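All figures in this text were calculated on a predicted structure; none of them were measured in a lab.
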Amino acid sequence: MVTITQIRQGVAVAIACSILVATGSTEALAGSKDIPQAPVVFDITKRKKTKRVITDWLRISAYSHLRFLGECDIKRDDAVSDRKDEFAAYLGFAARADLGQGITGFLHAEFDMRDKRTHRRSYGRIMQSNVKEALLSFPTSATGQISIGRLRFSDPHKWVADASVDGVHYASKQGNAAFEFAAVQGTRDVTATYLVLHSSRAAEKRRAGAFVISEHDGDRHRLHLSAYLGDQISSGISYEMNAATVIGDAADGRSLGVGVDARIIQKLETGRWNPQITYGFAIGTPGFLQSGLHSNKTKDGGQTQFHRYGYVFQPGLTNLSVGTLAYGVRPSRKFSADLGAHIYVQPNRSTLGPDARIKGATTGASHFIGSEISLAGAWRPTKTSKLEVGVGRFMPGPAYADRSHASRVYMRLSVYF
C-alpha cells in the first residue's frame, strides 16, 4: 500500500526531474548558432542505415556476425564448475521504403544459427529468427510523427529504454525541444505493457529530459519517474546523470524505491592514444527497479557497447551500489579499448542476492557482494567490418555462500554489405 509520505516523496522526485529538465536547457540557447537536436527514444530518420539503392523508393542493407560466448561458474551453490560455450552465426537485413507523402516503412530482421554446449550437455544446432523492427511511420504535421508496429526504443543513456517494443509512438520536435508519447508492449523476455511520456531539451552539448512511465505486468503496477542530464562542460570533461523513483509494486515487497546513476569522463589529452578515465557511481534502494526496457549499456565514446555495471556481473540496481573506475584509449575511430574495475555493495545486507547475471545465494552476513575487472575493445580493420572482444572476471565477496570466481569471454566479427 502506498502511503501519503511515499506519494510525497515520489512527487518531490518528479518536481526535481522537471527542474532538472528546465535548468538543463537555458544556459546555452542564447549563444547557439545551430539549433541542437533534443533526444528522443525513437526517430524514423535515425534507424539502421540502408545504403544500397534498389529503386528510387527502396533501399536495403545487410550484415553478418560470427560470435563466440564462453562463461564459467555463472551459477553458484551447486559444487560444480559450470561452463557454457556458444557459437553463433547471424544474418540480418534492413529495408527502408519511402512510400510518398512522408510515409516510411521500415523492416529489420535477423536470422541466427547457434551451437550451445554446457558442462552437462550439448544442445546441438538451434535456428531461429527475430523481427527486430517492422513499422510504418507517417507525419501528422510539420513537427509531429506517428509510428506504428515493432519499434526500437533507445534513450540517450540506455538507462530507461533500450529494447524492441510493439505499439504506437508519437513524437513532436520543435527546435531544441521534443515530446513523446507511446503505448507499447515488451517483446521476447519483457512481458509488461507501458505508457510512456518523455520530454527533452537540448542546448549545445547539453541534453536533458524526464520520463513518466506506467508499467503493467500481470497484477503488478508500477509508476516510474526519472530524469537525465548529460553535458560536456569542457574539452576534457563530460558527465551523465540519471535519477529515478518507482512507486507501486516495487522490488522486495516495497511500494517505493529510488535510484541514482552518475558518470564522469575525463579525457587526459596526452599522447596519440587519447586516454580517458571514467568515474562512475550508482545506487538503488531495496525497493528500486528500473523500467524493464533498459539495458544499462554504454560506449563511453568507444567503438563497442558494454554493460556499465560489469561485463560479467551485469546487475540491476535493486538494493545495490556500484563503484566504477575505467581507463580507456581512443587512438582513432577504428579502435578503442576499456579496462574497467567495479565494486559491489548492498546498502542493506540480505539473504536475497542481486538480480544479476551471476546467480547464487547470499548469506546476509556481509554488505560486500564482490568486485570485477574487465576489458572490452573493438577494431575496425575496414569500413565494412568490425572485431569486438570482451573478457571479464568476477570475484565474489563474503556476502556469497559460494566464493568461486566467474568469468566471461566474448568475441564477435561483423561484416556489413
Side-chain angles (χ1 to χ4, degrees), residues 69-84 118-120 159 189-192 215 217-218 220 222 224 244-246 249-261 280-297 306-325 340-374 390-410:
L69 173 63
E71 295 180 322
C72 184
D73 290 333
I74 297 298
K75 295 182 179 179
R76 317 268 94 192
D77 310 324
D78 57 4
V80 175
S81 180
D82 300 277
R83 184 170 183 84
K84 181 183 79 171
T118 70
H119 61 288
R120 296 187 186 278
W159 201 73
D189 295 334
V190 182
T191 60
E215 177 190 356
D217 190 4
R220 291 171 293 181
R222 304 182 183 101
H224 302 267
T245 185
V246 56
D249 299 311
D252 295 331
R254 310 292 179 98
S255 55
L256 178 71
V258 176
V260 177
D261 170 272
F281 179 75
I283 188 170
T285 66
F288 180 67
L289 278 174
Q290 289 174 265
S291 67
L293 296 174
H294 62 287
S295 71
N296 287 334
K297 292 181 179 179
F306 50 91
H307 199 287
R308 67 173 66 206
Y309 303 139
Y311 201 82
V312 184
F313 197 45
Q314 298 189 14
L317 286 180
T318 302
N319 188 28
L320 189 69
S321 61
V322 184
T324 298
L325 179 65
H342 307 272
I343 293 178
Y344 310 100
V345 176
Q346 282 187 320
N348 291 5
R349 288 180 298 181
S350 174
T351 55
L352 183 65
D355 180 15
R357 195 173 186 86
I358 303 295
K359 305 298 181 184
T362 49
T363 64
S366 174
H367 293 277
F368 184 44
I369 292 293
S371 60
E372 177 181 318
I373 186 168
S374 61
V391 58
R393 190 166 183 82
F394 172 72
M395 290 73 72
Y400 274 104
D402 184 343
R403 300 285 299 277
S404 57
H405 294 182
S407 61
R408 185 170 189 253
V409 177
Y410 177 87

Seminar exercise, completed: In short, Ser366 meets Thr363 closest at the heavy-atom pair N-OG1, 4.4 Å
For this session: Using side chain to side chain donor-acceptor pair (under 3.5 Å) as the criterion, list what pairs up with Asn319, not counting sequence neighbours.
Result: none
Problem set entry | CG on Asp73 to OG on Ser407, rounded to 0.5 Å | 7.0 Å
Exercise. Counting heavy atoms not belonging to Ile283, are there more than 12 under 6.0 Å from its CD1?
Worked result: yes
Problem set entry | Distance-minimising heavy-atom pair for Val312 and Arg393 | CG2-N, 3.6 Å
Exercise. Taking C-beta and beyond as the side chain, do Arg76 and Ser404 meet within less than 4.5 Å on heavy atoms?
Worked result: yes
For this session: Kindly write out the residues that satisfy side chain to side chain donor-acceptor pair (under 3.5 Å) with Tyr309, not counting sequence neighbours, or none if the list is empty.
Result: Trp159, Asp261
Exercise. Hey, are the side chains of Pro354 and Thr318 touching, using non-hydrogen atoms and a 4.5 Å cut-off?
Worked result: no
Exercise. Does Glu215 use its side chain to pair, donor to acceptor, with the backbone of Ala192 at less than 3.5 Å?
Worked result: no
Exercise. Between Asp82 and Cys72, is there a donor-acceptor pair closer than 3.5 Å when you use the side chain of the first and the backbone of the second?
Worked result: no
Problem set entry | Separation of Ile74 CD1 from Gln314 CD (nearest 0.5 Å) | 8.5 Å
For this session: Look up atom CG in Asp217 and atom CG in Asp249, then write down how far apart they are to the nearest 0.5 Å.
Result: 10.0 Å
Exercise. Going by heavy atoms in the side chains, are Arg254 and Pro286 under 4.5 Å from each other?
Worked result: yes
Exercise. Between Leu320 and Pro315, what is the shortest heavy-atom contact and its length?
Worked result: CD2-CB, 3.5 Å
Problem set entry | Sidechain-backbone polar pair: Thr351 side chain, Gly364 backbone, donor-acceptor under 3.5 Å | no
Exercise. Is the side chain of His119 donor-acceptor paired with the backbone N or O of Arg83 at a distance under 3.5 Å, no angle test?
Worked result: yes
Seminar exercise, completed: Sorted by chain and number, sequence neighbours left out, salt bridge (charged side-chain N to carboxylate O under 4.0 Å, His left out) with Glu71 holds for Lys84, Arg357, Arg408
For this session: To the nearest 0.5 Å, tell me how far Ile358 CD1 sits from Lys75 NZ.
Result: 11.5 Å
Problem set entry | Arg403: side chain to side chain donor-acceptor pair (under 3.5 Å) partners, not counting sequence neighbours | none
For this session: Quick one: closest heavy-atom pair of His342 and Ser374, and the distance?
Result: NE2-OG, 4.4 Å
Exercise. Ignoring hydrogens and geometry, is there a side-chain-to-backbone donor-acceptor pair from Glu372 to Tyr344 under 3.5 Å?
Worked result: no
For this session: Find the distance between CD1 (Ile373) and CD1 (Ile343) and round it off to the nearest 0.5 Å.
Result: 11.0 Å
Problem set entry | Contacts of Lys359 that satisfy salt bridge (charged side-chain N to carboxylate O under 4.0 Å, His left out) - sequence neighbours left out | Asp355
Problem set entry | Expected output: side-chain Thr362 to main-chain Ala399 donor-acceptor under 3.5 Å | no
For this session: Taking the side chain as every heavy atom from C-beta outward, state whether Leu317 and Val260 have any atom pair closer than 4.5 Å.
Result: no
Exercise. Which class fits the ring pair Phe394 and Phe313: parallel under 30°, tilted 30 to 60°, perpendicular over 60°?
Worked result: parallel
Exercise. Can you name the side chain to side chain donor-acceptor pair (under 3.5 Å) partners of Asn296, sequence neighbours left out?
Worked result: Gln290
For this session: Starting at OG of Ser371, measure out to NE2 of His405 and round the result to the nearest 0.5 Å.
Result: 7.5 Å
